[in-house]
Each structure stands twice: as structure tokens, then as C-alpha cells.
Amino acid sequence: MKALLITGYGDVKDNLKFSQIDKPKIKENQVLVEVYAASTNPVDYKIIKGELKPIKKLDFPARIGYDVAGVVVEKGANVKDFNVGDEIFSRVSGMSPGTFAEFVAIDSELVCPKPKQLSLSGAASLPLVGVTTIQVFNEAHLKKGDKVLIHAGSGGIGTFAIQYAKSKGAYVYTTTSTKNVDWVKELGADRVIDYKKENYLDIAKEVDVVYDTLGDDYTYDAFKAIKKGGKVITLVGVMDKESAKELGLNWFYRFILSLKRIKINKEIKRKSAHYKFILMEPNKEQICEIKKLADDGFIKPVIDREYPFSEAIEALQYQKTGRAKGKIIIKVKE
Ligand SMILES: NC(=O)c1ccc[n+]([C@@H]2O[C@H](COP(=O)([O-])OP(=O)(O)OC[C@H]3O[C@@H](n4cnc5c(N)ncnc54)[C@H](OP(=O)(O)O)[C@@H]3O)[C@@H](O)[C@H]2O)c1
């Protein structure tokens, strides 16, 4: 089968190639899925760059891609809840498990039926950003009436997070640049802050939760936006002590992180805040929750561009610009 492979650490354009490799053999608890659509995420190019080396080093050539929607073509002896021909979607587990390929083997514990109203491309756009967001807002114990600030409302995460937080009855502030303001408003955000013209810290005040998708100064400044006792949940900021331990980082990285945390710890104390770094874990219950939200009309995919499989490297290069308006799809099978 045809698969996109990572050949080494470095830049996207120099370290990816298409190859013919063996179709995966499934285990008793797995399904073999013919991939129709996959979506890209920033983690794909970060893995190629080597940013996830402290968590796990790759053996090259390595497969690439996490999100998938497709059709079950084979099932293991222990798989009871899926049949050949079922349309499914998933966020596959493991370090770069390889959804940018014609077939992928997936543990049935991570597979859910495709949302009824969505195309396979729409379904492939949701799992990673959706599960991440559910885990972030679970950590924040989001409740009706909470004021939340979601950074980068026009990104893959932001477009899902706005719709999800609204479905839970939150008041949503979000940031984006001028060109995206109008369509981001249509996702349901209560106050879209144009970061080219406005300072979000003058507008989003005393919020209950900041969903930090940008890191660096945005993480520190999040403590200015929250009320006393508020929560800052980050995807890209400095890792908290527990997360660093859980991820098995070695003593050197943990030491560097402890230095970086000095400033954050002062902010946490000053605001009696809850601070947590989330590294999403795939979770079937949450993938199926996304299906329900889509079936009930609370979540609509936001797709910026669709690329044919032959242009998957271009898709990743576009993802890397950091300017995507929602999600990017690779159409593996037309
Ligand atoms: N820890 C985890 O488990 C986890 C999970 C998922 C994602 N992540 C990370 O979360 C980050 C966001 O992911 P994503 O999928 O949303 O990325 P993305 O789709 O690439 O985000 C692109 C969007 O970011 C916006 N943006 C860039 N700079 C901005 C700024 N200063 N203020 C407001 N908006 C800005 C851009 O809008 P403009 O063009 O208008 O600026 C663009 O629409 C990535 O770093 C990703 O790796 C981590």
C-alpha cells in the first residue's frame, strides 16, 4: 500500500517521502480501516522537527498522521461492535501511528461510528482537536455561565473549542486576526477580539478559564485575564511537574522545566490559580461524545483546504504556516 513516511528529523519538505509498504496485519482487538480522509495537526510537523524526542524517539522510516475517517475492511476475532463496511472515525494511538496511508490498523477501543450528517472528510477533521478540547474543559470543570478565553479561535483547536464551550453554556471570548473575525463570530463566540486592533487583556477580564493554545507570553499573561481562583489550561506552555513526571521525561528535561516554572509558580500563587498542561490522550468515550455533538448539531467541521493524497507534503507545509482557518484534510481515497 502507499504510505507517507518520515525519513529523518528536520524540515517537512526534506524529510518525507511516499513509499510502498506492506498492509498492516491486525491483532484480535483491531480493525483494518481503508483510509478515505485524514486530517493534519501541528503535532505532525512538530514530530518531524524532533520536538517530541524527549517523549519518544522515532525509528526511521516512521509513519505519520493521527486523525482518520474511513471504512472497516477487516476485523479481529475479538471485535464485536464493528463490521466490515462500517464507516468510522478515530484518533489513533501511539507516536505517529500512520493515518497518512491507504490502510491503518486501529484498536477497536479507539474507534467510533462516523457522525451521521458528516462526510468522511468532516469526520476526519474532528478527533484530535475534539478529544483535546474535551480533556481541557474537563480539567477546568467547565460549567454553564463560565467565562472562557480561547486563544486562536480560527485554528483547528479554536474552531472546535468555541462550538464546544458554547454547547456547554459558557460565555466565549476568542482571539483572531482581522481577516477571520466575521466567520469566527458565526461559530458562536460571544466576543471575537481582533488581535491586530485590540488588546485582549483590556477586554477579557476576570475570566474563569483561559484555554492557552499559543504559549510563551500568552501563558504568563493568562494569569492577568483570570479571576482569583481561575484556571489556566495550556497545550503549549510550560509543563507542570506532574505532567512531566507522567510523561517519563528524564531528569535533565525535568530540571530545565523546573527553572521555567519559577515565573509560572509565582503567578499561580498570586492568583490562587489552577494551572495544568494537557497532552491529549486518545479516548473512545470522548471520540463518541464528538459524534453525538455532531449528530445533535452542536459541532460543525471547519475545513480550510482539502489536498489529494499525492499532495500530502504540501498539506503539511500549509499546516506549518500557522495560518490555517480550521482544519486541513488529506483525501486519501476520492
Ligand atoms: N498538548 C496537546 O495535546 C495538543 C493538542 C492539540 C494541539 N496542540 C497544540 O496547540 C496549538 C494550536 O493547535 P491548532 O491545531 O489550533 O493550530 P493551528 O490550526 O495551526 O492554528 C492556526 C491558527 O492560529 C491563529 N493564530 C496564530 N497566532 C495567533 C495569535 N497570536 N493570536 C490569535 N490567533 C493566532 C491563526 O489565526 P491568524 O491567521 O488570524 O493569526 C490560525 O488560524 C499547536 O501548537 C498545537 O501543536 C497541543
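Just so you know, ligand 1 is whichever comes first in the structure, and atom 1 is the first atom listed for that ligand. Count residues from 1 along the sequence.
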To which protein heavy atom is atom 29 (C) of ligand 1 closest, and what is the distance rounded to 0.1 Å?
Leu214 CD2, 3.7 Å

Within 45° cone and under 6.0 Å: Lys23 NZ/CZ vs Phe103 ring:
yes

Between the side chain of Asp216 and the main-chain N/O of Thr219, is any donor-acceptor distance below 3.5 Å?
no

Minimum distance, heavy atoms only, to atom 9 (C) of ligand 1: which one of Val236, Ile328, Thr40 is it?
Val236

Cationic tip of Lys53 above Tyr9 ring, under 6.0 Å, 45° of axis
yes

Quick test: of every protein heavy atom, which one is nearest to atom 27 (C) of ligand 1, and how far off is it to 0.1 Å?
Arg323 NH2, 3.1 Å

Identity and separation of the nearest protein heavy atom to atom 20 (O) of ligand 1
Gln319 NE2, 3.2 Å

Any atoms of ligand 1 less than 4.0 Å from a non-hydrogen atom of Met280? List them with their elements.
2 (C), 3 (O)

Under 4.0 Å, heavy atoms only, figure out whether ligand 1 is touched by the backbone of Leu235, its side chain, both or neither.
both

Looking only at protein heavy atoms, which one is nearest to atom 25 (C) of ligand 1, and what is the separation?
Ala152 CB, 3.7 Å

Lys46: numbered ligand 1 atoms lying under 4.0 Å from its heavy atoms
44 (C), 45 (O), 46 (C), 47 (O)

Tell me: protein heavy atom nearest atom 11 (C) of ligand 1, and distance?
Thr213 O, 3.5 Å

Can you tell me the protein heavy atom closest to atom 40 (O) of ligand 1 and the distance?
Ser177 OG, 2.5 Å

Strictly under 4.0 Å, does any heavy atom of Lys179 approach an atom of ligand 1?
yes

Just jot down the ligand 1 atoms closer than 4.0 angstrom to any heavy atom of Tyr218, in number order.
31 (N)

Classify the contact between Leu279 and ligand 1 as side chain, backbone, both or neither, using a heavy-atom distance cut-off of under 4.0 Å.
both

Compute the minimum heavy-atom distance from His151 to ligand 1 and say whether it is under 4.0 Å.
no

Are Tyr318 and Asp304 linked by a side-chain donor-acceptor pair shorter than 3.5 Å?
yes

Heavy atoms only: which of Tyr45, Tyr195, Phe277 is nearest to atom 41 (O) of ligand 1?
Tyr195

Any idea which part of Ile278 is under 4.0 Å from ligand 1, heavy-atom wise: side chain, backbone, both or neither?
backbone

Taking the six-membered ring for Trp, are Phe298 and Tyr164 ring centroids under 6.0 Å apart?
no

Taking atom NZ of Lys320 as the centre, report whether more than 12 heavy atoms of other residues, nucleotides or ligands fall under 6.0 Å from it.
no

Checking Thr174, Thr175, Thr213 against His151 for side chain to side chain donor-acceptor pair (under 3.5 Å), the one that qualifies is Thr175

List every atom of ligand 1 that sits less than 4.0 Å from any heavy atom of Asn180, numbering the atoms from 1 in the order shown and giving each element.
37 (O), 38 (P), 39 (O), 40 (O)

Could you state the interatomic distance from CD1 (Ile256) to CG (Leu249), rounded to the nearest 0.5 Å?
11.5 Å

Among Gly155, Gly237, Gly322, Ser243, whose heavy atom sits nearest atom 36 (C) of ligand 1?
Gly322

Going by the 4.0 angstrom heavy-atom rule, the piece of Thr132 near ligand 1 is side chain

State the atoms of ligand 1, each with its element, that fall below the 4.0 Å cut-off from a heavy-atom position in Thr176.
40 (O)

Looking at ligand 1, would Thr321 count as a contact under a 4.0 Å heavy-atom criterion?
no

At what distance is the nearest protein heavy atom to atom 15 (O) of ligand 1, and which residue and atom is it?
Pro42 CD, 3.4 Å

Distance alone, cut at 3.5 Å: any donor-acceptor contact between the side chains of Gln135 and Glu281?
no

Excluding sequence neighbours, so at least two apart, what forms ring pair (Phe, Tyr, Trp, His ring centres under 6.0 Å) with Phe309?
Phe18

Answer with yes or no whether the side chains of Ser39 and Lys327 bring together a donor and an acceptor at under 3.5 Å.
yes

For Gln30 and Ser108, test the side chains for any donor-to-acceptor distance below 3.5 angstrom and give the result as yes or no.
no

Are the side chain of Asn78 and the backbone of Glu28 linked by a donor-acceptor contact shorter than 3.5 Å?
no

Heavy-atom contacts under 4.0 Å between Lys327 and ligand 1: side chain, backbone, both, or neither?
neither

Any side-chain donor paired with an acceptor under 3.5 Å for Gln319 and Asp44?
no

Hey, could you give me the CD1/NZ distance between Ile226 and Lys147, rounded to the nearest 0.5 Å?
12.5 Å

Which is closest to atom 16 (O) of ligand 1 by heavy-atom distance: Thr133, Leu128, Ile157, Val129?
Ile157

Provide the number and element of each atom of ligand 1 under 4.0 Å from a heavy atom of Ala324.
22 (C), 23 (C), 42 (C), 43 (O)

Tell me, which protein residue and heavy-atom name are nearest atom 19 (O) of ligand 1, and how many Å apart are they?
Gly156 N, 2.8 Å

